[in-house]
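Okay, structure first, notes after.
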Amino acid sequence: MSKKLILIDGNSIAYRAFFALPLLNNDKGIHTNAVYGFTMMLMRIIEEEKPTHMLVAFDAGKTTFRHKTFTEYKGGRQKTPPELSEQFPFIRELLDAYQVKRYEIENYEADDIIGTLSLQAEKDGFEVKVISGDKDLLQLVSDRVTVDITRKGITEVDSYDPAAIDEKYGITPDQIIDMKGLMGDSSDNIPGVPGVGEKTALKLLKEHETVEKLLTAIDQVSGKKLKEKLEEFKDQALMSKELATIFREVPMEMAVTDLAYEGYDVDRLTALFKELGFNTLLEKLGYEGETVSEELENLDVTTVEEVTEDMLVSPSALIVELFDENYHHSDIIGFGLANESGEYFIPASVGLQSDVFVQWLEDQQAEKVVFDAKRSVVALKWKNIDIKGINFDILMASYLLNPADSNEDLSTVARTKGYSQVQTDEAVYGKGAKRKVPEEGDLAEHIVRKAVAVYHLKDAFYEGLKENEQLDLLMELELPLSLVLADMEAQGVRVDRNKLNDMGVDIKKRLEEIEQRIYELAGTEFNINSPKQLGVVLFEQLQLPVVKKTKTGYSTSADVLEQLQGAHEIIPYILDYRQLGKLQSTYIEGLKKVIYEETDKVHTRFNQTLTQTGRLSSTDPNLQNIPIRLEEGRKIRQAFVPSEPDWIMFAADYSQIELRVLAHIAQDKELIDAFQHDLDIHTKTAMDVFHVEKEDVTSNMRRQAKAVNFGIVYGISDYGLSQNLGITRKEAGKFIDRYLESFTGVKEYMEDIVHDAKSKGYVTTLLNRRRYLPEITSRNFNLRSFAERTAMNTPIQGTAADIIKKAMIAMSERLEKEGMKARLLLQVHDELIFEAPQEEIEKLQEIVPDVMENALQLDVPLKVDYAYGPTWFDAK
DNA sequence: TGTCACACGC
DNA sequence: GACGTACGTGTGACAA
């Protein structure tokens, strides 16, 4: 058996874990985030690497032999935060429970221990892997030694072997110390040569190999300044290199063979995890302990042979159980009922054929509590049953209370309220290929448990919403909306299959031509759809410059390819191939797969309980991302047609709804004024940001202003904006600053909302939708910044979502009231798509903008544009 | 079966 | 000074 040694830099990993994770507490108030992160990392290593030997090395004491060389070594370092120091004893305990050896020794750092052991192990024929957050360790890399450097978080790493180092730096592992010698390392207070950074250091090393060789040949170095610096700081460079060099002959009284890893001590580890409150990790250990007491209690299931009136009392919890995840055309496999009179399992055949039961379902006065109203409503619609009287939805309530922990499974939602008498669907049905209906007894029990859970949970969720002042949001907005959406989904959208086929044939032909052309230009045949193979062709065979890399190789994304335009004739063909390939696979073949044979319709499902902002999403098919930007793709919309002869498609969209919402929420005078005068908002933004008159706004200024507005609406960072505009981050930051100087109300709002979010822990929309932002107090810059941008953005995007949802309900009521045949079919975030008879066009042009613009009263007018035509394409 | 890179919409 | 940076869905490639 091959021998594999894992060497872990304990201090480094503990630091990484501490700073990467929010400051978790256990119930005794001990901070546990570093221990937790350390554990996650250990678990991963053991599982993935299956080491035969393992050791965790720690730094001992404050001074090492390096301080004799340079007293300021590691000077200026911040003291270890006490919240971290207190966790080290637990980390040691953790390692003991895992039965992983740990080691520290006076005068030496963890690096030196690792260096010494890796050298020994290499000689003894081990495969060695070193894990650290510190790139200094890269100098240990060899044919037998790989070094993993933690990337974001703690469980993701970049793995370095000699090739990877060459790829990243263009040098050998031995030269890492030379690089450090030249550029220094601020975290260890190693000085290096002033003015020399990574780029310069690498350039010098490519020509001169080592610091020593370089210093004997300073006169060959180009650049006067650089020469002088090298001359002046000769000794410092040599000393820096020495400091950076890992000492590989630490006198240790242990041999590599002493480090065998033979598995963890289950009892000890269980005890420790309990003490620390690592409940999910306990489960991973297969610990059942306390959960045993939460085992399902016995339940006597009454299987109903005939539904009788006395079973049907208000309110009732109702489960309409389906087998398929997609509820359209899905078979109903049973009903569950729980109320004051008892708990019942009603087999599908019994329920569907019972007049008493069906009448009860359709009775508006019979109050029903469900989990996922829309799912039940649509499934029953397919059975021609028009269920009414649903007045509470546990799933929706859970989502509104906290969109982050809404889960589609009742069992999971129930557990957030401490209720555990119901299993997950996955546990009962199995998953993937193994998914099947269990035998009737088990099925009946599961369904009844669900009904009981819903009945039991209603009050808790109701109270929760009341406390948050979110009852209206549920009862007046989301629940009525779910019925509107149910109609839209069940109605479906007609798709012209022949049109898709014709386009498919045409695109196939063109794809084949482009494919051949690409092979000719590449001089080889390969799979163009494989980014990996494409990368090899472009960047190795054709030697094009590498613009960007992904963690697995070369990036070949569209923005990279665009930068390579002109560098090779092949590029535009690849872009074309990508574009057409996307149309073919996703929008032609993909769409055809979900068209229902008998009706030529697609029935999407809008997920109403998913996004963190309150927007909807759409699946199977996703009708919210049908192409529009490029003419070629836009043609797909020609295949979306009315479902009745002589009808038309009618589309209406809000103009700049998010920015109008921003104007209102921020009460920004400039913005409000701009919208009250219906100015072109991007031009207006350009005028303010660039300080020019309207006549002097160039198209480029307007484009940049538009991107800034885009950034405001989507909460992107200066980096995001810079990527968008192809400018530097600094410039992007300046744009944002200038924007905020011009719109002072917005600036104040941004500051206030972040402050507000910090003190309350969440932000809200105008209609009281909530989003919690726990990371807004994180000490991790990334997490915190992200949460801050989210705090600014969510009230804007979420309020816009509130508004269009309100409009949808109002629209559906209005069409009903007016006795019109027009139907709402789709919602795409800021637009509504209808189909309608031609004779209703005139009326629609009047009422659609009217209803949408008046959905909610703001301090700025809402504006709606609309268009119609024989296909969705023409409604532009 | 799960993950990644990529591309589409807002 | 670096971090790694709107969301959501679907596709094909690829590794396990």
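Here is the naming used below: chain letters follow the sequence lines, and residue numbers restart at 1 for every chain.
- Checking the phosphate oxygens (OP1, OP2) of C:dA6, a side-chain nitrogen or oxygen of A:S717 falls inside 4.0 Å.
- In terms of modelled atom types and a separation under 3.5 Å, the side chain of A:T604 and the main chain of A:P621 share a donor-acceptor contact.
- One interatomic measurement links the two molecules: NZ of A:K548 to C1' of B:dA5, which rounds to 11 Å at whole-angstrom precision.
- Of all nucleotides listed (C:dC14, B:dC8, B:dA7), B:dC8 comes nearest to the side chain of A:Q579.
- Across all strands, A:F786 comes closer than 4.0 Å only to sugar-phosphate atoms, never to a base (heavy-atom distances).
- A:V864 and A:M852 get closest at one heavy-atom pair: CG2-CB, 3.6 Å.
- The listed nucleotides are B:dG9, B:dG2, B:dT1; the one nearest the side chain of A:A433 is B:dT1.
- When rounded to the nearest whole Å, the span between CD of A:Q624 and P of C:dA6 equals 20 Å.
- In the set C:dG10, C:dC14, B:dA5, C:dG10 carries the atom at the smallest distance from any side-chain atom of A:D620.
- Computed from coordinates, the A:K582 NZ to C:dG10 P distance equals 10 Å when rounded to whole Å.
- Checking C:dC7, C:dG12, B:dC10 against every side-chain atom of A:V828, the shortest atom distance belongs to B:dC10.
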- Could you walk me through whether A:R771 and A:Y762 pass the side chain to side chain contact (heavy atoms under 4.5 Å, CB included) test, one step at a time? CA-CA 5 Å; A:R771 180 173 188 179; A:Y762 62 88; 6.0 Å; no

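- For A:R729 against C:dG4, a side-chain-to-base donor-acceptor contact under 3.5 Å is present.
- Residue A:R578 places its side chain closer to B:dA7 than to any other of B:dC8, B:dA7, C:dG8.
- Between the C1' atom of C:dG8 and the CG atom of A:D830 lies a distance of 15 Å, rounded to the nearest Å.
- Using a 4.0 Å heavy-atom cutoff across all strands shown, A:E589 reaches no nucleic acid atom at all.
- For A:N529, taking side-chain heavy atoms from C-beta onward, the closest of the listed nucleotides C:dG12, B:dA5, C:dG10 is C:dG12.
- The residue A:G432 sits close only to the backbone: its heavy atoms come under 4.0 Å of sugar-phosphate atoms, none of a base.
- Within 6.0 Å of the NZ atom in A:K758, the count of heavy atoms belonging to other residues, nucleotides or ligands exceeds 12.
- Summarising the geometry, the separation between NZ on A:K551 and C1' on B:dA5 is reported as 10 Å, rounded to the nearest angstrom.
- In the displayed structure, A:K876 atom NZ is contacted under 6.0 Å by more than 12 heavy atoms of other residues, nucleotides or ligands.
- Side-chain nitrogen and oxygen atoms of A:T586 include none within less than 4.0 Å of the OP1 or OP2 phosphate oxygen of C:dT9.
- For the pair A:Q797 and A:N780, both in contact range of DNA chain C, the more 5′-proximal nearest nucleotide belongs to A:N780.
- Dashed line: the shortest gap from a side-chain N or O of A:S530 to OP1 or OP2 of C:dC14 is under 4.0 Å.
- With C:dC14, C:dC3, C:dG8 as the candidates, the nucleotide lying closest to the side chain of A:S617 is C:dG8.
- Between B:dG9 and C:dA6, the distance separating the two C1' atoms is 13 Å to the nearest Å.
- You'll find that the side chain of A:S557 is closest to B:dA7, out of B:dA5, B:dA7, C:dC14.
- Using atom P as the reference point in both C:dA2 and B:dA7, the two lie 29 Å apart (nearest Å).
- Distances shorter than 4.0 Å separate none of the side-chain N or O atoms of A:T556 from OP1 or OP2 on B:dA5.
- The interatomic distance linking A:F606 (CZ) with B:dG9 (C1') rounds to 13 Å, in whole Å.
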- Take A:I176 and A:D136 through the side chain to side chain contact (heavy atoms under 4.5 Å, CB included) test and state the conclusion after the steps. CA-CA 7 Å; A:I176 293 281; A:D136 279 357; 5.8 Å; no

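- For the P atoms, the distance from B:dC8 to C:dC3 is 29 Å, rounded to whole Å.
- Side-chain proximity of A:K532 to the nucleotides C:dC14, B:dC10, C:dT9 is greatest for C:dC14.
- OP1 or OP2 of C:dG8 has not a single side-chain nitrogen or oxygen of A:N625 nearer than 4.0 Å.
- In this structure, A:Y739 has its ring center under 6.0 Å from that of A:F743.
- Residue side chain A:Y587 fails the stacking definition with respect to B:dC8, as its ring centre and the base's six-membered ring centre are not both under 5.5 angstrom apart and under 30 degrees in plane angle.
- Remark: A:R702 engages A:D680 in a salt bridge, criterion side-chain N to carboxylate O under 4.0 Å.
- Across all strands, A:K431 comes closer than 4.0 Å only to sugar-phosphate atoms, never to a base (heavy-atom distances).
- Look at CG on A:L630: it is 10 Å from C1' on B:dC8, rounded to the nearest Å.
- Contact annotation: A:S785 does not reach the phosphate of C:dT5 (side-chain N/O to OP1 or OP2, under 4.0 Å).
- Comparing C:dG12, C:dC3, B:dC4 by their nearest atom to the side chain of A:F781 picks out C:dC3.
- Between the CZ atom of A:R615 and the P atom of C:dC7 there is a distance of 11 Å, given to the nearest Å.
- When heavy atoms are screened at a 4.0 angstrom cut-off, A:T613 is found touching no nucleic acid atom at all.
- Among the protein residues, A:L610 comes within range of the sugar-phosphate backbone only, with heavy atoms under 4.0 Å from sugar or phosphate atoms but none that close to a base.
- Counting only distance, with no hydrogens or angles, the side chain of A:K374 and the backbone of A:F606 share a donor-acceptor pair below 3.5 Å.
- Consecutive pairing runs in DNA chain C reach the stem threshold at B:1-9 with C:7-15, where a stem means at least three Watson-Crick or G-U wobble pairs with distances under 3.5 Å.
- Shown are A:I570, A:I514, A:L534; of these, the side-chain contact (heavy atoms from CB on, under 4.5 Å) with A:Y577 is made only by A:I514.
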